Amino acid sequence: MRVYSPQDIEFLDRQALEAIQLLRLKKVIAVALDTPFYKERLSGVGIEHPKDLKSLDDLNKIPFTTKDDLRDTYPYGLLSVNKKEVVRMHASSGTTGKPTVIFYDRDDLNRWTHLALRSLRACGCGPIDVFQNMMTYGLFTGGLGLHYGAEDLGMFVIPSSGGNTQRQLLLMKDFGTTVVHATPSYMLHLYAQMDNMGVKLSDLNLHKALIGAEPHSEDLRRKIETLFGIDAYNSYGLSEMNGPSVAFECVEKSGMHLWEDAYRLEIVDRHSLEAVEDGVVGELVLTNLIRHASPILRYRTKDLTRILTGTCACGRTSRRIDRIMGRTDDMLIINGVNVFPSQIEEVVMKIPEAGNNYRIVVRKKGTLDVLIVELEVGPDILSDDTRDLYALKGRLVEALKASISIKPIVEFHEPGQLPVQEGKAIRVVDERGNLY
Ligand code: AMP
Ligand code: ZN
C-alpha cells in the first residue's frame with residue numbers, strides 16, 4: 001500500500017493548518033501564473049510571483065473565478081502543465097454548449113485519491129467493507145472520484161456505475177455489499193424496486209449509504225436510513241474542485257468536514273460578495289490547494305451553505321459546512337444531473353415549429369425526478385398527421401437528451417394555452433417541494 005502523509009493532518013490546530021494552506025496556496029499561485037488567464041488576473045492585483053502573497057488574507061485580493069471563466073478558457077486556457085503530464089480529465093454536467101473541463105496530472109490524482117480515502121475513513125468505512133459504487137463512471141466525477149480512494153483503503157470495490165437497478169440489487173445480494181454510493185433519489189428508487197424484484201432487506205448486508213451529488217433534506221436522509229435500516233452520510237463535491245471528497249460527514253453526522261488542508265473555504269454574502277460571519281448562510285467560495293494541472297482560485301460554487309460553529313466530537317479540526325441549502329443560480333439538479341433552463345431553451349428555440357411559449361416542469365414520479373418540457377406549437381402542426389407530430393416529438397426528445405443527458409417528456413400545446421405572466425416569465429415550475 002502507498003505511504004500517505006500522516007493522518008494527523010485531520011487533527012492539526014488552526015495555526016498549523018493555515019501554515020499548510022499558505023504553503024500549498026503559493027504552489028498553486030506559481031502554477032496559475034503559468035496560464036495567461038491567471039497571469040493577467042493576478043498581475044492586475046499585484047501578484048507577479050508566489051512570494052507576493054504574504055499571508056492567506058492576500059487571497060482576498062484575487063478576483064473570483066466563475067463557471068463562465070472556465071467556459072471562456074475552454075478547452076486548454078486553464079491548463080498549467082505540459083499536455084503530456086495530463087493523465088485524466090473530467091467535466092461538469094449542465095453547461096450550455098462548452099462543458100467546463102478539469103485536468104489532472106498524476107500527483108493531482110494521487111492527492112484527490114487520498115482525500116477520498118480520508119472521506120471514506122471518516123464515515124467509518126474500512127477494508128472489511130464491500131463498496132458498491134452506483135455513481136456514474138465517466139466524465140462525471142461521481143464514479144471515479146471515490147473509486148481509487150476506496151481501493152486504497154482496502155475496500156472491495158464493485159464499480160457498478162449508475163442505473164440497471166436489477167443488476168445493482170443482484171450484486172448487492174450476491175456479494176454482500178455493505179456500503180453504497182448513490183444519489184439520494186436513486187436510493188429511494190432502489191428501495192421501491194426491491195419488492196418488484198423479489199429482494200428483501202434480509203437478503204442484503206447493507207450498513208451504509210454515501211449520498212450526494214444533489215440537494216436533499218435531513219428528513220430525506222432519515223427516510224433512507226429508516227427504510228434500509230442503515231446510516232447515510234452526506235457527501236459534497238463538484239468537478240471544479242476535483243469531485244467528491246470536498247466535504248464529507250464523519251460518523252457524528254453533524255455537518256460535513258470540508259477538508260481545509262486541500263480547499264480554502266470562504267462563505268460570502270450572495271449579493272455583496274463580502275465575507276459573512278461563521279454560522280451565516282452565504283455562497284460557498286473555494287480555492288483548490290492541491291491541483292496543479294487546472295488551478296482554480298476563489299471559485300464561486302453558487303451553492304448556499306454556512307459554516308457550522310463549534311468543534312466536532314470526532315476531533316477532526318477541518319471546519320464543517322451545513323448541508324447545501326440551495327443555489328444562487330437557476331441550475332436544476334434532476335436525478336443528480338445538473339441542468340440549466342437555458343440549455344433547454346436553446347434546443348427548443350431551434351425547432352422551427354416552436355411557438356412563443358414554453359415551460360419546464362420538474363416533478364417527482366415515485367422516487368425519481370421527471371422533466372417535462374411543455375411547448376406551444378403552431379395550430380397547423382397539431383392538426384397535422386399524428387405521425388408527423390410523433391416524429392417531431394421524437395426529434396425534440398432526442399435533441400434535448402443530447403444536450404442535457406436526460407430524457408424529458410415533451411408535451412405540445414396549442415398557442416395561448418400555457419400560462420403567461422404579467423412580469424417576468426416563469427419558465428420553470430419545480431414541483432418537487434421545498435427540499436431544504
Ligand atoms: P458536478 O460538478 O456536475 O459534479 O456538480 C456539482 C454540484 O452538485 C454542486 O455544485 C452542488 O450544486 C451539487 N451537489 C453535489 N453534492 C451535493 C450534496 N451533497 N448536496 C447538495 N448538492 C450537491
Ligand atoms: Zn467529525
Side-chain angles (χ1 to χ4, degrees), residues 10-11 66-67 70-71 89-95 99-102 112 118-119 121-124 135-146 162 181-187 209-218 220-221 224 232-260 263 283-286 288 294 296 299-305 308 310-340 343 404-406 432 435-436:
E10 294 179 20
F11 299 91
T66 63
K67 219 178 191 46
L70 302 190
R71 282 186 202 136
M89 72 174 256
H90 279 290
S92 175
S93 51
T95 46
T100 59
V101 292
I102 301 296
W112 181 22
R118 280 167 49 183
S119 302
R121 190 172 55 195
C123 67
M135 289 285 191
T136 309
Y137 280 63
L139 280 175
F140 174 56
T141 54
L144 286 166
L146 287 192
H181 178 211
T183 59
S185 49
Y186 192 69
M187 286 308 292
L210 319 179
I211 50 175
E214 63 187 19
H216 57 283
S217 61
E218 188 59 39
L220 183 54
R221 178 236 293 269
I224 293 168
Y233 298 96
N234 196 356
S235 147
Y236 171 78
L238 62 161
S239 48
E240 293 83 355
M241 293 294 126
N242 288 341
S245 322
V246 172
F248 226 94
E249 276 185 334
C250 68
V251 287
E252 300 296 331
K253 291 186 206 161
S254 59
M256 297 179 278
H257 286 283
L258 195 137
W259 302 128
E260 288 188 84
Y263 303 101
E283 184 179 336
L284 178 66
V285 171
L286 294 170
N288 192 321
S294 291
I296 296 191
Y299 183 68
R300 287 187 58 187
T301 65
K302 307 281 179 99
D303 289 320
L304 290 167
T305 184
L308 296 173
T311 50
C312 184
C314 78
R316 287 182 176 79
T317 48
S318 269
R319 283 177 297 173
R320 291 157 302 147
I321 55 164
D322 206 348
R323 62 179 60 255
I324 303 299
M325 294 160 189
R327 293 198 37 99
T328 64
D329 62 8
D330 56 357
M331 186 177 93
L332 295 160
I333 303 191
I334 302 175
N335 294 323
V337 178
N338 305 347
V339 176
F340 284 96
Q343 288 175 282
I404 59 176
S405 313
I406 288 183
R432 292 173 293 180
L435 282 165
Y436 319 108

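From a predicted model like this one, the values you see are computed outputs, not experimental measurements. Counting starts at 1 for both ligands and their atoms, in listed order.
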field: Donor-acceptor contact present, side-chain Ser235 to main-chain Leu210, <3.5 Å
entry: no

query: Nearest protein heavy-atom contact for atom 10 (O) of ligand 1: which residue, which atom, what distance?
result: Asp303 OD2, 2.6 Å

query: Gln343 side chain to Ile404 main-chain N or O, any donor-acceptor pair under 3.5 Å?
result: no

query: Of all the atoms in ligand 1, which lie at a distance below 4.0 Å from a heavy atom belonging to Arg327?
result: 10 (O), 12 (O)

message: Nearest 0.5 angstrom please: Glu240 CD to Ser92 OG, how far?
response: 4.5 Å

query: Looking only at distance, does Ala213 have an N or O less than 3.5 Å from an N or O of ligand 1?
result: yes

- request: Under 4.0 Å from a heavy atom of Ile333: give me the atoms of ligand 1 that qualify, with their elements.
  value: 8 (O), 12 (O), 13 (C)

task: Check whether any N or O atom of Asn338, backbone or side chain, sits under 3.5 Å from an N or O atom of ligand 1, and answer yes or no.
output: yes

Where ligand 1 meets Phe140 - atom numbers and elements under 4.0 angstrom, heavy-atom basis: 4 (O)

task: Can you sort out which atoms of ligand 1 are near Gly212, meaning under 4.0 Å from one of its heavy atoms?
output: 19 (N)

Atom of His257 nearest the Zn ion (ligand 2) (restricted to N/O/S, atom name only): NE2

field: Atoms in ligand 1 with a heavy atom of Ser92 nearer than 4.0 Å
entry: 2 (O), 3 (O)

message: If we set the cut-off at 4.0 Å for heavy atoms, which region of Leu238 has an atom near ligand 1: side chain, backbone, both, or neither?
response: both

